[in-house]
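Below: one structure, written as structure tokens.
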Amino acid sequence: MSGSMEPGLLLIPGPVPLPPQVREELAKQAMPHYGDAWVKAHAETRDMLRYAWAAPDAHVIPIAGPGHAALEAIAYTFLRPGDRVVVVSNGFFGDRTLEVLLTHRVKGDLVSSAWGAAPDLAALRTALKTPAKAVVVVHNETSTGVTNSLDPIVEVAHAADAFVIVDAVSSLGGIPLPFGKLGVDAGFTASQKCIAAPAGIAPVAVSRSLWESTDPKSVEGWYLNLYTWDRYEREWGDWHPTPTTISSNVFYAFHRALKLLREEGLEARFARHAKVAARLRAGLAELGFGPVGPPAILSNTVACFTPPPGVDPARLVKRLKDEHNIYISGGLGPLRGKTIRIGTMGTQADPETIDWLLKAVRASV
């Protein structure tokens, strides 16, 4: 990959270095957020999002905003004050999800397992003996570098008549997530991770069954109301398919990134991420680093490792930046000061990049 050794190499868990074709779109003069070219790009973007989600029948909406805006849009649209929500958590972003949802005046319960461990399915079954409207889970927990299996969670939730919301912020486009086949009801992601686009677009996918089960008139709010976005797509779709102005540069860059994803193909992209993640894990293990999670559930998009004895994580992060101009991240929550985190998403999932990083780590420990 041509950008693998450029100054300021970003190997944090997102944003990621942008492909040259995507940077080209950002460098162009601003264009109108309406008109024939925009309508064409918007329609193509929605089609490519259905491909990325493996959800040909889903409602897909590329909201302008960060990933948390997408989570809130799902909450505003499909949850109501007083609804009970069960959040499956084994890391920082699972806990954060409950924090966000509680501001929507829902009744929230956390089904927790140790950071780095797999979700506690027995505890989830117990929690769902009390009726719940929804179960929410982070597919890929970037604080611990583990990927949570969605199949059993969806099965347990649906058996209890709860719909499933999936945070796919650091997984969509890098780790298999067959939305339709799994029976996920709503999901969201962010443009700056595995898709390798600039931050600023938060794609949402909603199953037809969930979409049709909700009365649009019951939804409060306007901008983060998914039915607002749907209405403008239907009523103004021939010239202005979004309810507000979106940065044309960011949107066209996102569109270009999705084209690159489609050209590579999902299966090839998943295989690339898996191969590079394995290369990084092996290299770190040789240097005495240990993963936070067990081998069976380690993520292919984010590595979270504990350094060997005598190596201070914060000092290592600083040395990599100061001496090699490589950016990685430290730990979050109880893992702060104990771990390092490295992204292998999108453009980061490149063997040459990982070899360059491992060489720098070897010189810094």
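Here, residue 1 is the first one in the sequence, and each next residue gets the next number.
Few gaps surround CG on D322; more than 12 heavy atoms of other groups in view lie less than 6.0 Å from it. Atom CZ of R231 has more than 12 heavy atoms from other residues, nucleotides or ligands within 6.0 Å. K338 NZ: 12 or fewer foreign heavy atoms inside a 6.0 Å radius. Applying the 6.0 Å contact sphere to CD of E323 captures more than 12 heavy atoms from other residues, nucleotides or ligands.
Taking 4.5 Å as the limit, every side-chain heavy atom of E141 sits out of range of all side-chain heavy atoms of L332. The shortest side-chain heavy-atom distance between D238 and V39 does not fall under the 4.5 Å cut-off. Side chains of F179 and L150 form no contact here, defined as non-hydrogen atoms less than 4.5 Å apart. Taking 4.5 Å as the limit, every side-chain heavy atom of H255 sits out of range of all side-chain heavy atoms of H42. N300 is listed as a side-chain neighbour of R281, based on a closest heavy-atom distance under 4.5 Å. Residues F78 and L210 meet the side-chain proximity criterion, which asks for heavy atoms closer than 4.5 Å. The side-chain heavy atoms of T306 and F289, taken from C-beta on, include no pair separated by under 4.5 Å. Looking at W38 and Y252, their side chains come closer than 4.5 Å, going by heavy atoms from C-beta outward.
The pair E44-K40 meets the salt-bridge criterion, with a side-chain N (NZ, NE, NH1 or NH2) lying under 4.0 Å from an Asp/Glu carboxylate O. R50 has a carboxylate O that lies under 4.0 Å from a charged side-chain N of D47, or vice versa, which qualifies the two as a salt bridge.
L71 and V138 fall into different hydrophobic clusters, defined by Ile, Leu, Val, Met, Phe, Trp and Tyr side-chain heavy atoms under 4.5 Å apart, directly or through other members. L298 and V137 fall into different hydrophobic clusters, where Ile, Leu, Val, Met, Phe, Trp and Tyr are joined by side-chain heavy atoms under 4.5 Å apart, directly or via other members. Cluster membership for F93 and L124, using ILVMFWY side-chain heavy atoms within less than 4.5 angstrom, is not shared. Hydrophobic clustering of Ile, Leu, Val, Met, Phe, Trp and Tyr side chains at less than 4.5 Å, counting indirect connections, keeps V169 apart from V146. A continuous path of Ile, Leu, Val, Met, Phe, Trp and Tyr side chains, each step under 4.5 Å between heavy atoms, connects V166 with V111, placing both in one hydrophobic cluster.
A donor-acceptor contact under 3.5 angstrom links the side chains of T353 and D350, judged on distance only. Defined by atom type and a distance below 3.5 Å, a donor-acceptor pair is present between the side-chain atoms of D185 and H158. Side-chain N/O atoms of R96 and H68 include a donor and acceptor closer than 3.5 Å. There is a side-chain donor-acceptor pair under 3.5 Å between N148 and N90. In this model, no donor atom of one side chain and acceptor atom of the other lie less than 3.5 Å apart for S248 and H33.
Distance CD1/I201 to OG1/T45: 8.5 Å, rounded to 0.5 Å. Within the model, atoms CD1 of I340 and CG of D312 stand 11.5 Å from one another, a figure rounded to the nearest 0.5 Å. Expressed to the nearest 0.5 Å, how far CG of L320 lies from CG of L11 amounts to 9.5 Å. How far CG of L49 is from CZ of R262: 11.0 Å, rounded to the nearest 0.5 Å. Taken to the nearest 0.5 Å, the CZ atom of F270 stands 8.5 Å off from the CD1 atom of I175. Summarising the geometry, atom CG belonging to L26 is positioned 12.5 Å from atom CD belonging to Q21; distances are rounded to the nearest 0.5 Å.
Judged by distance alone, with hydrogens and angles left aside, the side-chain atoms of D83 form a donor-acceptor pair with the main-chain N or O of R80 at under 3.5 Å. The closest donor-acceptor contact from the side chain of H273 to the backbone of K275 lies at 3.5 Å or more, if one exists at all. Counting only distance, with no hydrogens or angles, the side chain of T228 and the backbone of W222 share a donor-acceptor pair below 3.5 Å. Judged by distance alone, with hydrogens and angles left aside, the side-chain atoms of T344 form no donor-acceptor pair with the main-chain N or O of A349 at under 3.5 Å. Using a distance-only test at 3.5 Å, with no hydrogens or angles considered, no donor-acceptor pair links the side chain of R341 to the main chain of V302. Checking side-chain atoms of S143 against main-chain N and O of F92 turns up a donor-acceptor pair under 3.5 Å.
Across G265 and Y51, no two heavy atoms sit closer than the pair CA-OH, 3.4 Å. Annotation for L226 and W211: closest pair O-CH2, 3.6 Å, computed over non-hydrogen atoms. Between Q348 and L10, the shortest heavy-atom distance links the atoms NE2-O, 2.9 Å. Listed here is the closest heavy atom pair of E233 and R46: CG-NH1, 3.4 Å. Taking all atoms of both residues into account, the shortest heavy-atom contact from A117 to S113 is O-OG, 4.0 Å. In terms of heavy-atom proximity, A52 sits nearest to L261 at CB-CD2, 4.5 Å.
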Worksheet item: Checking side chain to side chain contact (heavy atoms under 4.5 Å, CB included) for the pair V292/F305: CA distance, chi angles, key distance, verdict?
Response: CA-CA 6 Å; V292 169; F305 274 68; over 6 Å; no
Practice prompt. Carefully, step by step, assess V136 and D167 under the rule side chain to side chain contact (heavy atoms under 4.5 Å, CB included).
Written response: CA-CA 8 Å; V136 191; D167 173 336; 5.9 Å; no
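Among residues at least two apart or in separate chains, salt bridge (Lys or Arg N to Asp or Glu O under 4.0 Å) pairs with a member in residues 25-34 are E25-K28, E25-R256. Pairs passing the salt bridge (Lys or Arg N to Asp or Glu O under 4.0 Å) check and including a residue from residues 102-123, sequence neighbours excluded, read R84-D109.
A distance below 6.0 Å separates the ring centres of Y232 and W236.
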